[in-house]
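Sequence lines set the chain letters: A, B, ... in the order given, protein chains first and strands last, and positions in each chain run from 1.
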2 protein chains.
Amino acid sequence: MQNQEQDKALGEIVRSLGNANFPETLGNFVKKIIDFDNLIIIAYHKDINPEELYREYNSPIVYEKMQSHYLKAAYLLDPFYHAINNGIQRGIHCIFDLAPDQFKQTSYFYEYYQETTLIDEFCLFSHINHNTTLTACFGRDKKSGIRFGKTELKKIKSYENVLSTLCEQHWRSYQPKEGKNIVLPPVKHRLRTIMKDQHSISLSPRQTEVALYILQGHSSISIALNLNISKETVKVFRKQLYSKCSISSQAELFALLMPILSML
Amino acid sequence: MQNQEQDKALGEIVRSLGNANFPETLGNFVKKIIDFDNLIIIAYHKDINPEELYREYNSPIVYEKMQSHYLKAAYLLDPFYHAINNGIQRGIHCIFDLAPDQFKQTSYFYEYYQETTLIDEFCLFSHINHNTTLTACFGRDKKSGIRFGKTELKKIKSYENVLSTLCEQHWRSYQPKEGKNIVLPPVKHRLRTIMKDQHSISLSPRQTEVALYILQGHSSISIALNLNISKETVKVFRKQLYSKCSISSQAELFALLMPILSML
DNA sequence: TCAAGTATACCACACTGGGGTTATATACCC
DNA sequence: GGGTATATAACCCCAGTGTGGTATACTTGA
């Protein structure tokens, strides 16, 4: 994209600030630098469900799951969501940079990416206010076949600041819809309760915590780093967890817990 | 079960030979020895789709997938199906004895067992004729919570001969419904064609074969034993396969190939 | 005919997961 | 007070994956 064209496209976004077509012009600008198949803008909040603000698909793919499943519970396993909780910098980040080391072994990866046929994603983060972060996820699906190129990513990254600022400006007075979203207790508490109530399995806090990290795709070492304990200890919790659940592999843990997580 | 009662129950099966209630009486007999939650009887043939002959559920579980998916393509990954192709002995066998070593890591295990909530299965095999084998699969689902006991299995196994014989007798003139089932070229050919046509990935015969073994849950060593080649060679095929598919893990192979297999 | 691709085999290494053992300190409940 | 559960940590061993490299033989197409 030449400077003139770039200038014009940026101007278009600025003109659309506060208008309904803002997401569209944002998409148009990005598309001039790096081709994507779909765009979905989600607002994440503290303690309540995320909310979808915009979506655009160029391929006829079923995104019902997004609506019915992802926004209710599946987002709890999403690398982007956890990046926010861990205080991610505003700007552009790629999913595979943020994802835990064993993310691809994950049931979430398998189900979500198979459902959506996505193969790559990068995301523009904007901090709207102290408890709302906005993510604009640009995705490639398997029809395109290839992941985002490094040079293109570098190019779009050079605009990350202005793009984040524009989003923050456009959605500066955004508030989550009242009543529609429910205030939730921390995930680990909910998981523990459900395991107790529905499966008569009483997990210790640590065991529950480790379970959630495993679901997200963290290796034992990665969990150890997150919890500031030794990897041997993590393996102990893992073993206790498997033993209490009468299972003997990670795959079985996924099979056991994923339906529970969907139930929320 | 006492001898008298056993005698009576067996007599009941014999009396139902040739009648519609044969599967029911068979189930009743088995249930007196070993409690199960559901029973499904399937006829497997050479080169054409399997056919469901009977099913009985004690729990309100969705078995649509069985009808829509399993009988069309998913059975290709089923340990029972492969046991038949490898010339399994008639009689009773447990799923986890027949399953490949890495079966539980498998996407098939994950999807199928999560869908059906099954946790254990044993199966009565009967050889109807040279190209039809009948399987009566008795399953436990997660509502029961525990797998079949060893002593109970031993007990039911002592009846395996007579039960197989009774099935063979009852279905001795069974023929697959004409037209309803389609003659199919070997799976590896179909997979290869689809990969070429839809993904522009041309796999060598060996690479395709290895892919299918991986999908079934075989480790590299297990594949090597099956193909009569060294495990190192299997690993090479694996590498080539991953490289051609632009992936870097088994999990991604599942995500890539399972939808294709469903398409058939 | 020659280069490229395919099939075959072997070696070595790092990392993960799963299983087992042992040990100490704390906390909570009866 | 004593037993039980929990959290923590350090070892061991092994099987399996994934990645890198080397080498030979056969086939096939340009």
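Note: CD1 (A:Ile247) to C1' (C:dG19) measures 14 Å, nearest angstrom. Remark: C1' of C:dT16 and CG of A:Leu225 are 15 Å apart, rounded to the nearest angstrom. Atom CD1 of B:Ile214 and atom P of D:dT17 are 8 Å apart (whole Å). Between B:Leu241 atom CG and D:dG18 atom P the separation is 10 Å, expressed in whole Å. If you measure from atom CG of A:Asp101 to atom P of C:dT16, you get 6 Å, rounded to the nearest angstrom. Here C:dG18 presents its C1' atom at 13 Å from CG of A:Leu253, a figure rounded to the nearest Å. Counting to the nearest Å, the P atom of D:dT17 and the OH atom of B:Tyr213 are 15 Å from each other.
Nucleic acid contact for B:Gln105: none, since no nucleic acid atom lies under 4.0 Å from a heavy atom of the residue.
Put simply, the side chain of B:Lys196 does not reach to within 4.5 Å of the side chain of B:Ile201, judged on heavy atoms. Counting only heavy atoms from C-beta outward, the side chains of B:Tyr112 and B:Leu118 approach each other to under 4.5 Å.
Contact annotation: A:Ser220 does not reach the phosphate of C:dT16 (side-chain N/O to OP1 or OP2, under 4.0 Å).
The residues A:Glu209 and A:Arg206 are annotated as salt-bridged, a charged nitrogen and a carboxylate oxygen being separated by less than 4.0 angstrom. Ion pairing between a basic and an acidic side chain is recognised when a charged N comes within 4.0 Å of a carboxylate O; B:Arg140 and B:Glu121 show no such pairing.
The aromatic rings of A:Phe80 and A:Phe125 stand perpendicular to each other, their planes meeting at an angle above 60°, with 30° marking the opposite boundary.
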Each nucleotide N or O in nucleotides 5-15 of chain D that has a protein N or O under 3.5 Å away: list the pair and distance.
residue	atom	partner	partner atom	Å
D:dA7	OP1	A:Ser204	OG	3.3
D:dA7	OP1	A:Arg206	N	3.3
D:dA7	OP2	A:Ser204	OG	2.3
D:dT8	OP1	A:Arg206	NE	3.3
D:dT8	OP1	A:Arg206	NH2	2.7
D:dT8	OP2	A:Arg206	NE	2.5
D:dT8	OP2	A:Arg206	NH2	3.4
D:dA9	OP2	A:Ser230	N	2.9
D:dA9	OP2	A:Thr233	OG1	3.4
D:dA10	OP2	A:Ser230	OG	3.3
D:dC11	N4	A:Glu232	OE1	3.1

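Cation-pi geometry between A:Lys104 and A:Phe96 is met: under 6.0 angstrom from the ring centre, within 45 degrees of the axis.
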